[in-house]
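To keep things clear, I will list the structure first and then write my remarks on it.
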Amino acid sequence: MSSLTNLPSLNHYRTWPSPPISHRTRSSQNPNHLTTYGPTNNNHNRRTTTFRCSIANDTPISPSITNDSTSQPLLDCVIIGAGISGLCIAQALATKHADVSPDVVVTEARDRVGGNISTVERDGYLWEEGPNSFQPSDPMLTMVVDSGLKDDLVLGDPTAPRFVLWGDGLKPVPSSPADLPFFDLMSFTGKLRAGFGALGIRPPPPDREESVEEFVRRNLGDEVFERLIEPFCSGVYAGDPSKLSMKAAFGKVWKLEKNGGSIIGGAIKAIQAKKNSTKPPRDPRLPTPKGQTVGSFRKGQAMLPNAISKSLGSRVKLSWKLINISKLENRGYNLTYETPNGFASLQTKTVVMTVPSYVASDLLRPLSSEAAEALSKFYYPPVAAVSVSYPKEAIRADRLIDGQLKGFGQLHPRSQGVETLGTIYSSSLFPNRAPPGRVLLLNYIGGATNPGILSKTESELVEAVDRDLRKMLINPKAGEPLTLGVKVWPRAIPQFLIGHFDILDAAKFALSEGGFRGMFLGGNYVSGVALGRCVESAYDVAANVSTFLSRGVYK
């Protein structure tokens, strides 16, 4: 699983105490150009003002303009949300574009940074309740090094096998297309069908956007879809491949056929283009991972957001609840917050929204009902992360390699009669995740095809996971597992369904046409759900903000 989110949606209406005019101050001496309104104490006699956050009027809403006659300086950028996307955008602005955007603030409604990243350490165990690992791409490694975590980086064994449950047990998955002929996950005819299809001997693409299921069945056949891609969709998106868009969810593979006439034809063209392109020299500070591996940190994924937050210092504002956005006349935006110290206001040239789309929809509705309506259409199904531990002797003997449970983990196709989406061998993947003699397993359950998990208790979720594990990994006679944690994310991973890009483009177009220059959308529903994609996209968003500011739109 790659990306989980649990930011609560704002209520349709929120009523806050009206700030007393006599307490209001407007001074550039406030840190980060704040306008504060005094503490929110228990003064029950004060007037109240209702800030509308999500419900549109019956008539279209025009931009809300605040005439600001003061000479208060503007921040360069305010980033809404201190999840991994928001923090990495701020870090990228600070490290790559400091000359253009020196004044950046990140605000977060919760009292911690990291968003969907949640690492827990207790009783000798260390486990993740959100994303478990990342692909160590160069942008990701750049963020790691710039955050001071190079020495804390841990990489998994590149030879660690992955497994898929099929038929009578767990089958190893080929690590590359070249390995496909030598694995028993597929039949000979299935492999032959996949090979011919990859070469272009298959039906032509339709004149419409295809789902993942349609694309894979057409190009590579039924077996590749049912035994490889369907469980992969469950593991990455917790999604339904009959509804996921191939173009949006797996764009790199989709482009191969589009650019080369077939998957192999496109791959050959991509290799040739890469050889003919001129690349800048690789940053010598970056480590060089070996093989197809995954990464984390010595003390878990939370080390990254915590390190970035420490680097940004006072520019990160926690427990700041955004309650209103208004447009300043020819100056950018005014953002009003409820904070632990009272009401505060920030004025900024640009805003980057990295909260989930449904939260962004609520916040932007007073500005643009069209953008809000588009952002409200994205679907986030529920997912539960269930962390359990067994003694090593509870693992079935046929699952051990040299007496140890080795591998990355396993995926479970929906057709195989188990409820759990997949299991990560956490204690095998990275060091020091469980006490000696114990095995730590991170299990995901729920998703687009099983939203009913929301009606289950924690004990029922653990029972379902344990029942599934005893069918293929754990000895049926083993004792009960030690339950470490059950984290239910009611709105977990945004689904890149058919029409995803059309909806996203509609939201961006509505903001642009509405005159909301300098308003940017970010987060995993924009970039992609994998943690590494969020980081890669952060550099792109930061570059776009820098380009906007360098044009001198607001003086």
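Residues satisfying the ring-ring contact (aromatic ring centres under 6.0 Å, His included) criterion with His500, sequence neighbours excluded, are Phe378, Phe496. With sequence neighbours left out, Lys508 forms a salt bridge (charged side-chain N to carboxylate O under 4.0 Å, His left out) with no residue at all. Here Asp111 pairs with nothing under the salt bridge (charged side-chain N to carboxylate O under 4.0 Å, His left out) rule; sequence neighbours left out. The side-chain hydrogen bond (donor to acceptor under 3.5 Å, both in side chains) search around Gln135 returns none, not counting sequence neighbours. With sequence neighbours excluded, the residues that form a salt bridge (charged side-chain N to carboxylate O under 4.0 Å, His left out) with Asp283 are Arg285. In this structure Lys299 satisfies the salt bridge (charged side-chain N to carboxylate O under 4.0 Å, His left out) test together with Glu121, sequence neighbours excluded. Residues passing the ring-ring contact (aromatic ring centres under 6.0 Å, His included) test with Phe250 are Phe232, Tyr237, sequence neighbours excluded.
Under a cutoff of 6.0 Å and an axis angle of 45°, Arg399 and Phe163 form a cation-pi pair.
With hydrogens and angles ignored, the 3.5 Å screen pairs no side-chain donor or acceptor of Tyr444 with any backbone N or O of Ile424. For the pair Ser427 (side chain) and Val439 (backbone), a donor-acceptor distance under 3.5 Å is absent.
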Donor-acceptor pairs under 3.5 Å, side chain of residues 431-438 to any protein atom, not counting sequence neighbours: which ones?
| residue | atom | partner | partner atom | Å |
| --- | --- | --- | --- | --- |
| Arg433 | NH2 | Phe297 | O | 2.8 |
| Arg438 | NE | Tyr125 | OH | 3.2 |
| Arg438 | NE | Ser389 | OG | 3.2 |
| Arg438 | NH2 | Ser389 | O | 3.2 |
| Arg438 | NH2 | Ser389 | OG | 3.4 |

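The salt bridge (Lys or Arg N to Asp or Glu O under 4.0 Å) contacts involving residues 73-97 comprise Asp76-Lys349, where partners must be two or more places apart or lie in separate chains. Pairs passing the side chain to side chain donor-acceptor pair (under 3.5 Å) check and including a residue from residues 538-547, sequence neighbours excluded, read His97-Ser546. Within the structure, the side chain to side chain donor-acceptor pair (under 3.5 Å) test picks out the following pairs touching residues 245-255 (sequence neighbours left out): Glu209-Ser245. Contacts classified as salt bridge (Lys or Arg N to Asp or Glu O under 4.0 Å) and involving residues 152-165 (residues at least two apart or in different chains) are given here: Asp152-Arg298.
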